[in-house]
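Below is one structure, written out as structure tokens; the observations come after it.
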Amino acid sequence: MTFRREETVQIPESDLEGMSVDTLAVRAGQIRTDQLEHSDAIFPTSSFVYGSAAQAAARFGGDEPGNIYSRFTNPTVQAFEGRIAAMEGGERAVATASGMAAILSTCIALLKSGDHVICSRGVFGTTNVLFQKYLARFGVETTFVSLTDYEEWRQASRPETRMLFLETPSNPLCEVADLEVLSRLARTSDALLVVDNCFCTPVLQRPLEHGADIVIHSATKYLDGQGRCVGGVVVGPDKLMEEVYGFLRSAGPTMSPFNAWVFHKGLETLPIRMRAHCDNALELALWLEQQNAVETVYYAGLQSHPQHELAKKQQKGFGGVLSFRVKGSREEAWRFIDATRMISITANLGDVKTTITHPATTTHGRLSPEDKDHAGITENLIRLSVGIEDVEDLKTDLMRGFDALGS
């Protein structure tokens with residue numbers, strides 16, 4: 001039988017080679033069924049049937065490719081994995097139940113007792129707890145260093161160092177690391193460079209192109225973009241991802257088909273959403289710098305930011321997250337937050353709706369006072385994840401906070 005072009009089940013990867021992230025966000029990783037649906041199908045099934053006992057044995061034995069059980073093989077999840085891998089420029093992706101599950105799966109799959117990790121201090125608070133409390137129980141030691149002090153990274157390196165882990169831009173102070181410098185350091189240490197790319201997404205930054213070995217996302221954030229589902233994903237070379245996949249198959253921190261379908265559809269609008277987030281965040285950052293009640297604004301798009309030039313070189317935009325310190329302490333920060341009426345008070349970020357939070361008592365609340373101090377998490381710090389509402393309306397709502405401070 002001769003098929004017309006539109007009747008083929010899947011667009012060959014070779015047909016998308018060299019295309020932009022904007023196109024890959026819409027076209028990569030689509031798996032059509034024999035119904036030839038234009039939108040993406042969802043496969044909410046726990047298991048799959050076989051034509052014979054022999055075929056079942058071949059599938060389970062790895063002699064024949066195909067779906068077995070949705071804990072580790074599901075077409076909807078595979079479609080999402082294929083799309084985000086293409087967008088990041090990686091060979092393969094492994095989707096997980098959450099962003100933290102993605103970090104845990106990577107560490108359990110690729111580290112062993114006696115290994116050493118160097119991690120930047122400016123990571124998500126729960127990432128810090130995972131390394132300090134839980135991985136330490138299994139003999140994996142972590143040294144925390146300043147994200148941008150590369151001499152600290154070098155001094156922390158040991159013969160048993162096997163992973164360098166960081167977020168760039170950092171949460172919540174928006175510090176930017178030079179990935180090429182850290183990549184060279186990782187090579188000399190025979191270690192993996194693992195980058196949490198949650199804040200930028202592949203639309204603004206592709207760490208693998210700057211020497212990273214692995215990229216991690218909390219898909220809960222910008223990849224979804226509307227605060228609907230929880231999920232994570234790890235992207236990297238097939239050899240390393242096979243190890244992560246093996247852990248997922250055995251331990252089961254699995255992404256559900258429904259969540260994968262939501263993320264897969266969310267990726268289609270990611271490029272235009274990220275540009276809107278960037279535009280609004282930059283305008284708000286410039287505006288916040290002019291307010292008398294603000295001590296400091298942290299946003300890489302500002303010329304006052306110490307890594308502004310690096311961010312211009314390494315990223316295609318500055319992202320949608322910023323933070324600022326109000327004059328005073330926790331009382332003033334809480335008063336400011338509580339005075340807003342439209343902006344959502346929640347610790348989630350990456351949503352089309354603007355959110356506001358107090359990092360010292362939410363996202364980084366479990367850190368010790370010493371760790372908070374090292375990470376720059378002060379009591380007067382406020383974080384904004386800037387959405388895509390009209391920026392003038394956002395200013396109006398934030399002015400309620402300034403009015404509450406009497407400024």
Side-chain angles (χ1 to χ4, degrees), residues 103 107 111 115-132 135-136 140-200 205 207 209-216 295-315 318-319 321-325 359-360 363-364 367-378 381 383:
I103 298 172
C107 292
L111 297 172
D115 285 348
H116 175 244
V117 176
I118 308 175
C119 181
S120 63
R121 293 192 187 100
V123 293
F124 178 48
T126 306
T127 303
N128 185 300
V129 173
L130 176 66
F131 282 113
Q132 271 195 322
L135 290 178
V140 176
E141 187 177 350
T142 303
T143 300
F144 291 90
V145 298
S146 165
L147 178 66
T148 58
D149 187 338
Y150 307 114
E151 187 57 33
E152 275 196 45
W153 289 85
R154 292 187 185 94
Q155 291 180 3
S157 182
R158 309 174 186 171
E160 61 269 25
T161 300
R162 291 294 172 266
M163 181 181 292
L164 277 59
F165 187 95
L166 65 141
E167 296 177 19
T168 182
S170 68
N171 179 13
L173 297 183
C174 303
E175 293 179 304
V176 178
D178 191 321
L179 292 177
E180 293 180 1
V181 169
L182 292 178
S183 172
R184 290 193 294 271
L185 177 60
R187 299 294 172 269
T188 61
S189 304
D190 194 26
L192 298 172
L193 179 61
V194 181
V195 178
D196 186 324
N197 196 28
C198 179
F199 272 30
C200 276
Q205 177 175 261
E209 294 179 350
H210 297 281
D213 297 289
I214 294 173
V215 174
I216 288 178
E295 288 183 353
T296 313
V297 181
Y298 300 93
Y299 185 66
L302 297 173
Q303 292 186 5
S304 58
H305 190 282
Q307 293 95 41
H308 176 68
E309 292 302 320
L310 174 61
K312 285 172 61 177
K313 173 186 174 184
Q314 193 167 272
Q315 302 168 197
F318 302 108
V321 176
L322 61 87
S323 60
F324 60 100
R325 301 188 201 277
T363 57
H364 294 69
L367 298 186
S368 68
E370 182 181 7
D371 286 338
K372 286 180 186 177
D373 184 59
H374 281 311
I377 310 299
T378 57
L381 184 70
R383 190 192 71 190

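Nothing fancy with the numbering, it's 1 onward along the sequence.
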So how far is it from [X] [atom1] to [Y] [atom2], rounded to the nearest 0.5 Å?
| X | Y | atom1 | atom2 | result |
| --- | --- | --- | --- | --- |
| Tyr298 | Ser304 | OH | OG | 10.0 Å |
| Arg154 | Arg184 | CZ | CZ | 8.0 Å |
| Ile214 | Leu164 | CD1 | CG | 12.0 Å |
| Ser183 | Leu193 | OG | CG | 6.0 Å |

Can you name the nearest heavy-atom pair linking [X] to [Y], along with the distance?
| X | Y | value |
| --- | --- | --- |
| Gln132 | Phe144 | CG-CE1, 3.3 Å |
| Val117 | Phe165 | CG1-CB, 4.4 Å |
| Ile377 | Pro172 | CD1-CD, 3.3 Å |
| Ala191 | Met163 | CB-N, 3.7 Å |
| Thr161 | Ala156 | OG1-O, 4.2 Å |
| Glu167 | Ser120 | N-OG, 3.9 Å |

side-chain contact (heavy atoms from CB on, under 4.5 Å) assessment of Asn128 paired with Asp371: CA-CA 9 Å; Asn128 185 300; Asp371 286 338; 4.3 Å; yes
Parallel, tilted or perpendicular: rings of Tyr299 and Phe318 (30°, 60°): perpendicular
Arg383 vs Asn171, side-chain contact (heavy atoms from CB on, under 4.5 Å): CA-CA, chis, key distance, verdict: CA-CA 9 Å; Arg383 190 192 71 190; Asn171 179 13; 3.1 Å; yes
Do any N or O atoms from the side chain of [X] and from the backbone of [Y] form a donor-acceptor pair under 3.5 angstrom?
| X | Y | answer |
| --- | --- | --- |
| Gln314 | Ala177 | yes |
| Arg162 | Pro159 | yes |
| Tyr150 | Leu185 | no |
| Gln205 | Asn197 | no |
| Trp153 | Leu147 | yes |
| His364 | Val123 | yes |
| His305 | Val176 | no |

Worked verdict on Glu180 versus Leu310 for side-chain contact (heavy atoms from CB on, under 4.5 Å): CA-CA 11 Å; Glu180 293 180 1; Leu310 174 61; over 6 Å; no
More than 12 heavy atoms from other groups under 6.0 Å of CD on Glu151: yes
Pairwise side-chain contact, Ile118 with Gln155, heavy-atom cut-off 4.5 Å (strictly under): no
Non-hydrogen side-chain atoms of Leu135 and Thr142 separated by less than 4.5 Å: no
CA sep, side-chain torsions, deciding dist, call: His116, Thr143, side-chain hydrogen bond (donor to acceptor under 3.5 Å, both in side chains): CA-CA 8 Å; His116 175 244; Thr143 300; 2.7 Å; yes
Ser189 vs Ser157, side-chain hydrogen bond (donor to acceptor under 3.5 Å, both in side chains): CA-CA, chis, key distance, verdict: CA-CA 7 Å; Ser189 304; Ser157 182; 2.8 Å; yes
Arg121 bridged to Asp373 by N-O distance under 4.0 Å: no
From CA spacing to verdict: side-chain contact (heavy atoms from CB on, under 4.5 Å), Glu160, Glu141: CA-CA 10 Å; Glu160 61 269 25; Glu141 187 177 350; 5.8 Å; no
